[in-house]
Protein chains: 2
Amino acid sequence: MSKRVGLKDIAEALNVSITTVSRGLNNKFDISKETRKAILEKADELNYRPNAYAVSLRKNEYFTIGVIVPSVDHYFFSTVLKGIMNKAHLSNYLVLIGESTHDLNKEKEVIEQFVSHCVTGVIISPSNKSSYSNNLDILVKKRIPYIVVDRPVKESDAPCVKYDDPNGAFLAVEHLIEQGYRKIAYLKSYDYCVISNARFQGYKDALAKHNIPFNPNFVKTCHLIDQENQEEEGFFATKQLMLAVDKPDAIFAVNDDLAAGAYRLAEKLNLNIPRDLGVVGYSNSQISRHLKPQLTTVEQPGIEMGELAFDFLQQSIIGNKSKLTKTFDARLIVRDSSIRGAETKYKKQKDNKRYANSI
Amino acid sequence: MSKRVGLKDIAEALNVSITTVSRGLNNKFDISKETRKAILEKADELNYRPNAYAVSLRKNEYFTIGVIVPSVDHYFFSTVLKGIMNKAHLSNYLVLIGESTHDLNKEKEVIEQFVSHCVTGVIISPSNKSSYSNNLDILVKKRIPYIVVDRPVKESDAPCVKYDDPNGAFLAVEHLIEQGYRKIAYLKSYDYCVISNARFQGYKDALAKHNIPFNPNFVKTCHLIDQENQEEEGFFATKQLMLAVDKPDAIFAVNDDLAAGAYRLAEKLNLNIPRDLGVVGYSNSQISRHLKPQLTTVEQPGIEMGELAFDFLQQSIIGNKSKLTKTFDARLIVRDSSIRGAETKYKKQKDNKRYANSI
DNA sequence: AAAATCGACGAAAACGTTTCCGAAACAGAT
DNA sequence: ATCTGTTTCGGAAACGTTTTCGTCGATTTT
């Protein structure tokens with residue numbers, strides 16, 4: 001069991017003081033070329049690595065950020081994380097990662113763990129339930145900069161990188177209306193889910209703009225436990241809708257997985273998408289391109305959002321007091337699941353054109 | 001700018017020594033009820049959090065593990081990460097995360113960063129190129145326990161949680177053979193990619209067992225840069241295969257994304273899957289269930305593998321010297337992309353049956 | 001030749017904890 | 001009265017660094 005090698009070991013081996021060794025390794029000025037060379041060689045020989053804990057403690061600077069997402073294997077969050085890590089690596093930040101799993105207590109535990117570990121900043125995509133939580137206050141009290149991603153917290157003016165969710169939903173629903181759909185259902189998440197409500201607003205706004213009365217029977221709440229169950233929830237919600245007397249002719253789902261459930265039901269009932277049932281999802285997740293017909297969906301540029309979140313956090317860390325908030329413009333990715341009439345008539349977007357002239 | 005509150009602040013406020021405060025907070029025995037109560041109250045009032053850096057430095061125990069994966073937004077790795085985090089949270093371990101992006105230098109940087117941060121252990125899914133690397137030697141020299149996940153490193157007896165890749169490929173290819181396919185192509189990754197080679201072996205073994213001659217023209221190398229390009233690579237590789245004189249009648253792809261590219265080409269050429277072209281992928285990623293027809297693929301239980309990796313790491317940390325290695329048995333998930341003949345004849349697996357009796 | 005400057009290094013304090021050791025205060029036993 | 005033991009607390013060292021300050025000898029300036 002070999003002890004960790006420290007400055008002391010190098011010092012003793014070379015018969016110099018610890019101070020000198022430190023100076024040599026950090027390339028300070030008042031040291032001679034020769035001793036410095038000897039120190040570097042010996043450090044290499046002994047495989048010395050500075051103890052970051054001691055360094056940070058002494059210098060009182062901790063190059064560490066904490067990232068909290070509801071779930072790391074959720075596609076969107078994994079892309080946000082990737083964006084953060086892209087930038088963090090460039091700036092030599094250490095990245096701590098924690099999952100809230102939409103559990104406020106766990107979220108709190110993770111935050112306190114991060115606080116104890118002296119993170120210089122936090123990027124958090126709060127749990128769906130966070131509107132009821134004051135977990136972020138912990139960071140405020142500790143004066144730890146943080147950036148909220150994707151889920152704006154109610155009545156908070158915290159720096160935030162978000163997406164124009166209402167408008168995304170608005171574009172989706174208006175697109176359906178323009179395609180001739182009139183009875184558009186909304187598959188939502190829990191009432192406390194901030195983004196679900198934001199999209200709900202866009203849904204209603206689009207209906208209102210086009211003088212289509214809002215029908216509460218066309219709104220179904222889905223219980224989003226994990227990745228796997230979402231499709232099933234979408235399936236059952238759509239089933240309820242389609243077995244009712246007054247059936248919708250289109251589905252707008254709060255995410256792509258629920259939309260996939262609608263696909264399954266359409267298959268069972270021999271409904272043609274988009275002819276009998278238009279479908280639009282949300283998030284542009286991987287499956288959306290692979291569903292058949294390809295699913296119209298709302299883009300969510302996770303990597304860019306993550307990268308910007310890190311940039312904002314760095315600004316906040318260095319004391320930039322300006323309002324660090326950005327709302328990404330919503331963009332609808334129109335694919336075949338919502339194009340009524342001949343698909344050939346529709347001028348496909350770049351997204352679909354990739355393989356167009358390859359054969 | 002409020003300073004971080006430490007033991008000293010509590011001590012001064014209460015007119016006791018730092019030692020006493022520490023004892024009070026850690027519930028040591030030699031302290032009176034009253035002072036302890038006062039200390040706890042004051043600590044709460046001042047919002048005290050122990051400085052984990054100081055604690056770890058003093059106690060010389062760092063409850064921290066590092067996780068290195070090629071890419072966090074790759075579905076399989078994100079599930080492995082989730083498995084690790086499930087367990088880590090239960091054991092109160094801090095999780096550091098780093099990406100190698102299949103870059104050996106970056107992988108090395110991350111490992112050294114982790115070493116400096118005194119991780120008590122590392123779980124790593126090495127870069128594809130790792131067979132040429134000795135990055136893991138850094139950990140060996142430092143006597144830091146580590147567990148390799150998914151990509152066994154050549155000629156290493158490091159603890160490892162892997163998947164029976166050759167057999168997975170064998171099952172896939174044998175299944176195709178049993179379905180009547182005879183000219184089976186393999187879409188592979190780079191030559192240095194360990195898993196690609198392992199699956200290649202299974203592919204060849206299955207052919208050999210059934211006396212089907214190996215045809216090198218049926219093997220195509222795809223350049224896997226990122227998530228997005230894989231499908232395109234699969235598309236072009238399949239295109240080359242299908243435009244040749246001697247066409248294959250089935251594709252076995254080293255991952256589901258390449259298989260999705262084969263789907264695209266089949267669509268372009270109006271080839272029916274599975275009738276004209278059987279397709280089998282690998283990894284059971286989300287898209288595999290959503291492709292149409294659903295893609296036959298090889299299961300990779302990322303969460304379970306991640307959880308086990310953490311368990312192994314803990315064993316290794318507490319000094320368990322037994323051989324901590326587990327190979328998950330390969331399991332083929334048969335879906336419609338490889339079933340020749342009427343799909344109704346095929347007794348669907350549980351995986352597909354979920355919605356069977358729901359309407 | 002004395003004074004000032006300079007180059008190279010070491011001693012010690014500090015970061016925020018924990019822990020070992022000892023001390024003070026008080027009780028009961030002799 | 002002393003002795004022993006218990007309870008409760010404080011002093012100080014230690015963890016591995018960085019940094020401030022001082023020192024010592026050599027070189028340059030006056």
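A note on names: the letters A, B, ... follow the listed sequences, proteins ahead of strands, and every chain is numbered from 1. The basis for the numbers below is simple: all heavy atoms, side chains too, and nothing from hydrogens, waters or symmetry mates.
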| note | Contact check, residues 49-61 of chain A vs DNA chain C, heavy-atom distance under 4.0 Å, returns A:Leu57, A:Arg58

| query | For residues 26-38 of chain B, which residues have at least one heavy atom under 4.0 Å from DNA chain C? | reply | B:Asn26, B:Lys28

| query | Atom CG of B:Leu7 to atom P of D:dG10: distance rounded to whole Å? | reply | 13 Å

| query | How about B:Ser322 and B:Asn320: does a side-chain donor come under 3.5 Å of a side-chain acceptor? | reply | yes

| message | Does either side chain, that of B:Thr19 or that of B:Ser22, offer a donor lying less than 3.5 Å from an acceptor on the other one? | response | no

| said: Can you give me the first and the last nucleotide of DNA chain C (5' to 3') that has an atom within less than 4.0 angstrom of a non-hydrogen atom in chain A? | reply: C:dA8 to C:dG16

| message | If the condition is ring pair (Phe, Tyr, Trp, His ring centres under 6.0 Å), which residues does A:Tyr75 pass it with, not counting sequence neighbours? | response | none

| said: Do the side chains of A:Lys162 and A:Asp150 get close enough for a salt bridge, i.e. N-O under 4.0 angstrom? | reply: no

| Is a donor on one side and an acceptor on the other found under 3.5 Å between the side chain of A:Ser100 and the backbone of A:Asp103? | no

Side-chain donor-acceptor pairs under 3.5 Å in residues 50-59 of chain A, sequence neighbours left out?
residue: A:Asn51; atom: OD1; partner: A:Tyr53; partner atom: N; Å: 2.8
residue: A:Asn51; atom: OD1; partner: A:Ala54; partner atom: N; Å: 3.3
residue: A:Asn51; atom: ND2; partner: B:Tyr62; partner atom: OH; Å: 3.3
residue: A:Ser56; atom: OG; partner: A:Ala52; partner atom: O; Å: 3.1
residue: A:Ser56; atom: OG; partner: A:Glu61; partner atom: O; Å: 3.2

| note | Walking DNA chain C from its 5' end, the first of A:Ser17 and B:Thr19 to be reached, judged by nearest nucleotide, is A:Ser17

| Residues, nucleotides or ligands: over 12 heavy atoms within 6.0 Å of A:Lys106 NZ | yes

| request: Report yes if a side-chain nitrogen or oxygen of A:Ser22 is closer than 4.0 Å to either non-bridging phosphate oxygen (OP1 or OP2) of D:dT18; otherwise report no. | output: yes

| Do we see a donor-acceptor contact under 3.5 Å between the side chains of A:His102 and A:Glu107? | no

| d(CD1, A:Ile18; P, D:dT19) in whole Å | 15 Å

| A:Phe77/A:His74 aromatic ring centres below 6.0 Å | yes

| task | Give the angle between the helix axes at the two ends of the helix from C:dA1-D:dT30 to C:dT30-D:dA1, taking five base pairs at each end and rounding to 10°. | result | 70°

| message | Could you check whether B:Asp30 pairs with B:Arg23 (Lys NZ or Arg NE/NH1/NH2 to Asp/Glu carboxylate O, under 4.0 Å)? | response | yes

